[in-house]
S.K.: 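The structure under discussion is supplied below as structure tokens; questions concerning it will follow.
For this chain, numbers begin at 1 and follow the sequence in order. What you see is a predicted model; the values in this text were computed from it and never measured.
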Amino acid sequence: MKKKETISAERLYKIFIYVVLLTLAVVIIVPVAWVFMASVKQNSEFYGNPWALPAGLYWQNFVDAWNTAKMGEYMLNSVYVTALGLLILLLVALPAAYCLARFEFRGRKFLNTCFMAGLFINVNYIVVPIFLMLRDGDLWAKKVFGASVFLNNLSMLAVVYAATALPFTIYLLSGYFVTVPHDYEEAAYIDGAGYGKTMWKIIFPMAKPSIITVILFNFLSFWNEYIISMTLMSSATGSRTLPVGLLNLMQAQQSAAQYGIMYAGLVLVMLPTLILYICVQSKLTQGMAVGGLKG
């Protein structure tokens, strides 16, 4: 009797889990599908039933969003900032995480403590100090070079993105490097490989799932980031990133009642992240299993 009651309880628990997951899936999928559907509607269709299917595929919304609303220019800016930020982040975080995880040296515990403390700092709370620091640097640069260097600069924005993402990235990668047996490195040293070659040729290829996980998480963070970009690029209209440009587009199109163009802009923001996630979904799960969550 107890066995039947246990089986029944387990079945009810599974049904509850499936219902919750299905509800969450519907809550996420329905708005995304609605945005895609609305992006190909003409303006006149928005004044009827908002859930009605579009009468046709009105692709002109994307053309207008790309050209007239400058979403194409904003997307290129976001691509540049995100790519450069990821490159800087990986060049710094990979060797740093490897050294912190595999070698004993003076100050190692202090550095680990600093990076772990960085996990608990919300970047949005330190935007003002970052801005003030860069503003002071910009005043000095204008006196010396006669030009602005730190503010309204896409490259500097990428550096700030990479710096703020270092704690989480090092935490995740260090957790994986700790689990790698030292036998691989010892075999490489016996074959004549140095520390650098062992790191790049042996250890980093083994950490590919964790590296892909880091790239995906930080890509999403950099691509969708708004507050830092809005603060540091406040005076550069032509150098705005996609989220900042999208907000301006939404404000302009709402007053002009051009809803199709507005939703087309939303699709342009969402599409790259959806495509990237679909491409690396399996690697993401693998990276989370063998990476920082294990450490």
S.K.: Are the side chains of Tyr58 and Lys41 in contact, using a 4.5 Å heavy-atom criterion?
M.R.: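 SC-SC contact between Lys41 and Tyr58 ruled out.
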S.K.: Determine, using the 4.5 Å side-chain heavy-atom cutoff (strictly less than), whether Tyr226 and Tyr80 are members of one ILVMFWY cluster.
M.R.: yes
S.K.: Is Tyr176 reaching over with its side chain to a backbone N or O of Met206, donor-acceptor style, under 3.5 angstrom?
M.R.: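 Yes: the side chain of Tyr176 pairs with the backbone of Met206.
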S.K.: Checking Ser229 against Thr241: is there a side-chain donor and acceptor pair closer than 3.5 Å?
M.R.: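 Yes - a donor-acceptor pair under 3.5 Å links their side chains.
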S.K.: Looking only at heavy atoms, what is the nearest atom pair of Met270 and Thr273, with distance?
M.R.: O-OG1, 2.6 Å
S.K.: Restricting to ring pair (Phe, Tyr, Trp, His ring centres under 6.0 Å), what partner residues turn up for Phe222, sequence neighbours left out?
M.R.: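 Phe222: ring pair (Phe, Tyr, Trp, His ring centres under 6.0 Å) contacts with Tyr161.
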S.K.: Leu76, Val269: one ILVMFWY side-chain cluster at the under-4.5 Å cut-off?
M.R.: no
S.K.: Around Tyr195, counting heavy atoms of other residues, nucleotides and ligands shown, do more than 12 lie under 6.0 Å from its OH?
M.R.: no
S.K.: Counting C-beta onward and ignoring hydrogens, is there a side-chain heavy-atom pair between Leu154 and Met233 closer than 4.5 Å?
M.R.: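 When only atoms from C-beta onward are counted, Met233 and Leu154 do touch, with a gap below 4.5 Å.
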S.K.: Identify the heavy atoms of Ala264 and Ala65 that sit nearest to each other, and give their distance.
M.R.: CB-CB, 4.2 Å
S.K.: Using 0.5 Å steps for rounding, measure from the CD1 atom of Ile215 to the CG atom of Leu87.
M.R.: 10.0 Å
S.K.: Before you tell me yes or no, could you show the steps for Asn77 and Glu73 under side-chain hydrogen bond (donor to acceptor under 3.5 Å, both in side chains), namely the whole-Å CA-CA distance, both residues' side-chain angles and the distance that decides it to 0.1 Å?
M.R.: CA-CA 6 Å; Asn77 291 338; Glu73 180 181 347; 4.7 Å; no
S.K.: Only distances under 3.5 Å count here; give the side-chain donor-acceptor pairs of residues 88-95 to other protein atoms, sequence neighbours excluded, each with its distance to 0.1 Å.
M.R.:
none

S.K.: In the single-linkage hydrophobic clustering (I, L, V, M, F, W, Y; side-chain heavy atoms under 4.5 Å), do Val180 and Ile190 co-cluster?
M.R.: no
S.K.: Using the rule that two of Ile, Leu, Val, Met, Phe, Trp, Tyr join whenever any of their side-chain heavy atoms come within less than 4.5 Å, decide whether Val128 and Ile227 are in one cluster.
M.R.: yes
S.K.: Working to the nearest 0.5 angstrom, can you tell me the gap between Ile211 CD1 and Leu216 CG?
M.R.: 14.0 Å
S.K.: Between the side chain of Ser39 and the main-chain N/O of Val267, is any donor-acceptor distance below 3.5 Å?
M.R.: no
S.K.: Taking it one step at a time, do Tyr263 and Asn61 satisfy side chain to side chain contact (heavy atoms under 4.5 Å, CB included)?
M.R.: CA-CA 8 Å; Tyr263 287 112; Asn61 289 333; over 6 Å; no
S.K.: To the nearest 0.5 Å, tell me how far Leu86 CG sits from Thr169 OG1.
M.R.: 9.0 Å
S.K.: Can you give me the closest heavy-atom contact between Ala101 and Ser174, atom names plus distance?
M.R.: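 The answer is CB-O, 3.8 Å.
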S.K.: Specify the closest pair of heavy atoms between Ser210 and Leu172, including all atoms of both residues, with the distance to one decimal.
M.R.: O-CD2, 4.3 Å
S.K.: Once you round to the nearest 0.5 Å, how far does NZ of Lys208 lie from CD1 of Ile212?
M.R.: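 Rounded to the nearest 0.5 Å, the NZ-CD1 separation comes to 5.5 Å.
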S.K.: Ignoring hydrogens and angles, write down the donor-acceptor pairs under 3.5 Å from the side chains of residues 26-36, residues two or more places apart or on other chains.
M.R.:
| unit_1 | atom_1 | unit_2 | atom_2 | d |
| --- | --- | --- | --- | --- |
| Trp34 | NE1 | Pro50 | O | 2.9 |

S.K.: Could you check whether any side-chain heavy atom of Met37 comes within less than 4.5 Å of a side-chain heavy atom of Leu53, counting everything from C-beta outward?
M.R.: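 Side chain of Met37 against side chain of Leu53, heavy atoms only: contact under 4.5 Å found.
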S.K.: In Å, rounded to the nearest 0.5 Å, how long is the span from CG of Leu266 to CD1 of Ile261?
M.R.: 12.5 Å
S.K.: Any donor and acceptor pair, going by atom type alone, linking the side chain of Thr198 with main-chain N or O of Gly194 inside 3.5 Å?
M.R.: yes
S.K.: Does any non-hydrogen side-chain atom of Leu232 lie less than 4.5 Å from one of Asn152?
M.R.: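 No, too far: nothing below the 4.5 Å cut-off.
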S.K.: Test of understanding: with ring pair (Phe, Tyr, Trp, His ring centres under 6.0 Å), list the residues that count as partners of Trp223, not counting sequence neighbours.
M.R.: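 Residues passing ring pair (Phe, Tyr, Trp, His ring centres under 6.0 Å) with Trp223: Phe219.
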S.K.: If we ignore hydrogens and angles and just use 3.5 Å, is the side chain of Asp191 paired with the main-chain N or O of Ala193 as donor and acceptor?
M.R.: no
S.K.: Would you say that Ser155 contacts Leu84 through its side chain, given a criterion of any heavy-atom pair below 4.5 Å between the two side chains?
M.R.: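 Side-chain contact under 4.5 Å: yes.
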S.K.: If Ile, Leu, Val, Met, Phe, Trp and Tyr residues are connected whenever their side-chain heavy atoms lie under 4.5 Å apart, and connections chain through other members, are Val244 and Val79 in the same group?
M.R.: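 Yes; Val79 is reachable from Val244 via cluster members.
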S.K.: Considering all heavy atoms of both residues, which atom of Ala55 and which atom of Glu45 are nearest to each other, and what is their separation?
M.R.: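 That would be N-OE1, 2.8 Å.
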S.K.: Anything under 3.5 Å between a donor and an acceptor, one on a side chain of residues 105-117, the other on a protein residue two or more places apart or in another chain? List them.
M.R.:
| unit_1 | atom_1 | unit_2 | atom_2 | d |
| --- | --- | --- | --- | --- |
| Arg108 | NE | Leu100 | O | 2.7 |
| Arg108 | NE | Phe103 | O | 3.1 |
| Arg108 | NH2 | Leu100 | O | 3.0 |
| Thr113 | OG1 | Lys109 | O | 2.8 |

S.K.: Let's go through Val63 and Asn67 carefully: what are the C-alpha distance in whole Å and the side-chain angles of both, what is the deciding distance for side chain to side chain contact (heavy atoms under 4.5 Å, CB included) to 0.1 Å, and is it a yes or a no?
M.R.: CA-CA 6 Å; Val63 177; Asn67 296 323; 3.6 Å; yes
S.K.: So how far is it from Thr231 OG1 to Leu151 CG, rounded to the nearest 0.5 Å?
M.R.: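 Reported to 0.5 Å precision, the distance equals 10.0 Å.
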S.K.: Do the side chains of Lys14 and Arg11 get nearer than 4.5 Å, heavy atoms only?
M.R.: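 They are not in side-chain contact.
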S.K.: Is any side-chain heavy atom of Phe62 less than 4.5 Å from a side-chain heavy atom of Met71?
M.R.: no
S.K.: Would you be so kind as to tabulate the donor-acceptor pairs closer than 3.5 Å made by side chains of residues 129-146, with sequence neighbours excluded?
M.R.:
| unit_1 | atom_1 | unit_2 | atom_2 | d |
| --- | --- | --- | --- | --- |
| Asp138 | OD1 | Ser148 | OG | 3.2 |
| Asp138 | OD1 | Val149 | N | 2.7 |
| Asp138 | OD1 | Phe150 | N | 2.8 |
| Asp138 | OD2 | Ser148 | OG | 2.6 |

S.K.: Going through the distances and angles, do Arg240 and Met230 end up as a side chain to side chain contact (heavy atoms under 4.5 Å, CB included)?
M.R.: CA-CA 8 Å; Arg240 289 172 176 167; Met230 185 66 182; 5.8 Å; no
S.K.: State, with a plain yes or no, whether a side-chain heavy atom of Phe177 is found less than 4.5 Å away from one of Phe204.
M.R.: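 They are in contact (side-chain heavy atoms under 4.5 Å apart), so the answer is yes.
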S.K.: Between Thr23 and Val19, which heavy-atom pair has the shortest distance, and what is it?
M.R.: OG1-O, 2.7 Å
